[in-house]
Amino acid sequence: MEEIKFLDLQRVNASYEPQLTEAIARVVRSGWYLRGEETAAFEREFASYCGTRCAVCVGNGLEALTLIFRAYCRLCGWQPGDEVIVPANTFIATFLAVNEAGLTPVPCEPLPENGLIDVRQASALITPRTKAIVAVHLYGAVCDMEPIRQLAASRGLKVVEDAAQAHGGLYRGKRTGHLGDAAAFSFYPGKNLGALGDAGAVTTDDEELAQMVRALGNYGSYVKYVNCYKGLNSRIDEMQAAALRVKLPRLDEDNERRRQLARLYLREMSHPDVALPVVGDWDAHVFYVFAVRCPHRDALQQHLRQEGIGTLIHYPVPPHKQEAYPEWNHRNYPLTEQIHREILSLPVSAVMTDEEALRVARAVNSFKVP
């Protein structure tokens with residue numbers, strides 16, 4: 001049997017040809033490779049797509065999130081050690097960005113039904129030092145933002161979206177990237193909107209914040225060789241911007257194809273030991289991954305491997321149990337830890353066929369619990 005890759009990037013990018021190669025060739029011929037017309041155009045187009053006033057392209061998703069926090073520290077007078085509530089169930093980048101800005105992440109357990117941040121538990125974690133809440137749209141599922149915004153407004157907090165896994169998701173008619181005070185996106189190649197290397201963006205309606213993010217990502221400079229802040233080098237290159245401009249117009253179509261495959265999975269999978277995603281609002285889920293849970297996750301992954309089906313684990317170790325955070329290794333977040341023991345991501349992409357998805361579903365159904 002031919003292997004079904006977890007994600008076949010060659011096939012994904014081939015679906016954008018010849019426009020993708022033409023865009024790259026256009027940049028090569030231009031002789032301008034950083035902070036040029038392609039980047040400026042993509043920033044305008046992505047801001048328009050998200051519905052925000054501003055989009056600032058940066059080097060990657062981690063730096064997008066870090067620069068938001070560093071900018072708020074300057075603009076709002078946040079002090080080292082001030083707190084940011086983050087989901088315990090997330091990729092470690094969410095934690096790292098808070099730390100990189102000199103702030104303290106405060107983990108919050110997720111909702112059992114979807115693994116997203118539980119606003120009721122977040123409320124109990126607020127202290128006089130709390131400055132923001134991070135809403136991570138994990139697996140492509142958009143957080144229930146209204147309760148988060150209401151809580152933040154009542155306590156004078158910022159709401160920051162980690163939208164690295166939810167390009168194009170809708171919540172009550174508004175897109176991710178426009179659901180809080182600012183949002184961070186990653187355009188890592190495997191994302192729903194993926195570049196050909198690392199890239200990221202910050203979106204916001206706050207023009208002062210956008211200008212600060214742009215300066216901090218350009219060595220702390222508004223004007224070349226005049227440095228106002230201790231910044232860093234975080235810039236998208238023109239080739240990535242050009243590639244993203246080719247892909248952005250098809251993002252909604254591609255997301256809808258992911259939803260079609262998710263519906264097929266939900267219809268065809270029926271294994272009693274495999275818990276499927278719970279989808280309330282289909283517009284609010286773009287299925288960056290199709291994440292199932294199984295108490296016998298490792299055995300299920302091995303079974304699918306033998307069936308020629310690639311899978312990934314998003315994520316095997318929660319941030320608070322990572323070696324990078326020894327001071328937190330003794331902490332217990334039981335639901336988060338259970339999710340990380342059980343989660344398994346199945347193949348889903350805009351170029352996957354119904355026949356391939358049916359084969360995955362049948363393979364899951366044929367799994368024999370050890």
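For the pair Lys191 and Tyr288, the cation sits on the ring face: its NZ or CZ lies under 6.0 Å from the ring centre, inside 45° of the axis. Within the cation-pi definition used here (under 6.0 Å to the ring centroid, within 45° of the axis), Arg175 qualifies as a partner of Tyr49. Both tests hold for Arg263 against Trp282: distance to the six-membered ring centre under 6.0 Å, angle to the ring axis within 45°.
Between the Ser221 side chain and the Val226 main chain, a donor and an acceptor come within less than 3.5 Å of each other. With Gln79 contributing its side chain and Gly77 its backbone, the two residues share a donor-acceptor pair below 3.5 Å. Remark: side-chain polar atoms of Ser123 are not paired, donor with acceptor, to backbone N or O of Arg120 under 3.5 angstrom. Side chain of Glu161 to backbone of Leu179: a donor-acceptor contact under 3.5 angstrom is found. Under a 3.5 Å cut-off, the side chain of Asp181 and the backbone N or O of Val159 do form a donor-acceptor pair. Between the side chain of Tyr325 and the main chain of Pro319, no donor-acceptor pair closer than 3.5 Å is present. The backbone N or O of His285 lies less than 3.5 Å from a partner atom in the side chain of Arg259, making a donor-acceptor pair. Put simply, the side chain of Thr176 never gets that close to the backbone of Ala163: no donor and acceptor are under 3.5 Å apart. Side-chain N or O atoms of Gln322 include one that pairs as donor or acceptor with a backbone N or O of Val317 at under 3.5 Å. Not a single donor-acceptor pair under 3.5 Å links the side chain of Thr90 to the backbone N or O of Pro87.
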- Does the side-chain hydrogen bond (donor to acceptor under 3.5 Å, both in side chains) test come out yes or no for Glu238 and Ser30, once each step is laid out? CA-CA 10 Å; Glu238 286 286 276; Ser30 75; 5.8 Å; no

- Output, in order, the C-alpha distance, side-chain angles, deciding distance and verdict of side chain to side chain contact (heavy atoms under 4.5 Å, CB included) for Leu344 and Leu300. CA-CA 9 Å; Leu344 185 66; Leu300 174 59; 3.8 Å; yes

- Kindly indicate, with the supporting measurements, whether the criterion salt bridge (charged side-chain N to carboxylate O under 4.0 Å, His left out) is fulfilled by Glu45 and Arg245. CA-CA 8 Å; Glu45 291 159 7; Arg245 293 187 68 200; 2.8 Å; yes

- Evaluate the side chain to side chain contact (heavy atoms under 4.5 Å, CB included) criterion for residues His167 and Leu248: first the C-alpha distance (whole Å), next the side-chain angles of each, then the deciding distance (0.1 Å), finally the verdict. CA-CA 10 Å; His167 312 72; Leu248 179 59; over 6 Å; no

- Query: Asn332 and Glu337: side chain to side chain contact (heavy atoms under 4.5 Å, CB included), yes or no, with the steps?
  - Reply: CA-CA 8 Å; Asn332 294 309; Glu337 291 161 25; 4.1 Å; yes

- Just do the side chain to side chain contact (heavy atoms under 4.5 Å, CB included) check on Leu251 and Asn192 with the steps written out, would you? CA-CA 7 Å; Leu251 178 57; Asn192 293 41; 4.1 Å; yes

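In summary, the aromatic rings of His314 and Tyr139 are positioned with their centroids too far apart to meet the 6.0 Å limit. Aromatic rings from Tyr219 and Tyr225 are positioned such that their centres are separated by 6.0 Å or more. Two rings, from Tyr265 and Phe287, have their centers 6.0 Å or more apart. Aromatic rings of Phe95 and Trp328 (six-membered ring for Trp) have centroids within the 6.0 Å cut-off, being under it. Taking the six-membered ring for Trp and the full ring otherwise, the centers of Phe367 and His303 sit less than 6.0 Å from each other. Between Phe46 and Phe185, the distance separating the two ring centers is shorter than 6.0 angstrom.
Each of Ile126, Ile148, Leu151 was compared with Leu157 under the side chain to side chain contact (heavy atoms under 4.5 Å, CB included) criterion, and only Ile126 meets it.
Residue Asp254 holds its CG atom at 4.0 Å from OH of Tyr16, rounded to the nearest 0.5 Å. The NE2 atom of His340 sits 4.0 Å away from atom CG of Asn89, with the distance rounded to the nearest 0.5 Å. Atom CD1 of residue Ile339 and atom CG of residue Asn114 lie 8.5 Å apart, to the nearest 0.5 angstrom. To the nearest 0.5 Å, the span separating CG on Leu244 from CZ on Phe187 amounts to 5.5 Å.
Side-chain contact of Glu83 with Thr127: a donor-acceptor pair under 3.5 Å is present, judged by distance alone. Checking Arg70 against Tyr72 by side-chain atom types alone, no donor-acceptor pair falls below 3.5 Å. Side-chain atoms of Gln301 and Thr311 form a donor-acceptor pair, as typed in the model, at a separation below 3.5 Å. Residues His137 and Asp162 bring no donor and acceptor atom of their side chains to less than 3.5 Å of each other. A donor-acceptor contact closer than 3.5 angstrom is absent between the side chains of Glu207 and Gln211. With 3.5 Å as the limit, one finds a donor-acceptor pair spanning the side chains of Asn13 and Lys247. Defined by atom type and a distance below 3.5 Å, a donor-acceptor pair is present between the side-chain atoms of Asp205 and His178. There is no side-chain donor-acceptor pair under 3.5 Å between Thr66 and Glu100.
A salt bridge links Glu43 to Arg214: one of the charged nitrogens lies within less than 4.0 Å of a carboxylate oxygen. In summary, Arg250 and Glu253 do not engage in a salt bridge, as defined by a charged side-chain N under 4.0 Å from a carboxylate O. Salt-bridge annotation for Arg26 and Glu38: present, with a side-chain N of the basic residue lying under 4.0 Å from a carboxylate O of the acidic one.
Within the structure, side-chain hydrogen bond (donor to acceptor under 3.5 Å, both in side chains) contacts touching residues 348-357 (residues at least two apart or in different chains) are Arg11-Glu356, Arg257-Asp354, Thr353-Glu356.
The neighbour count for Glu113 CD, taken as heavy atoms of other residues, nucleotides or ligands under 6.0 Å away, is above 12. Around OH of Tyr188, the count of heavy atoms belonging to other residues, nucleotides or ligands within 6.0 Å does not exceed 12. Heavy-atom contacts from other residues, nucleotides or ligands closer than 6.0 Å to CD of Glu37 number 12 or fewer.
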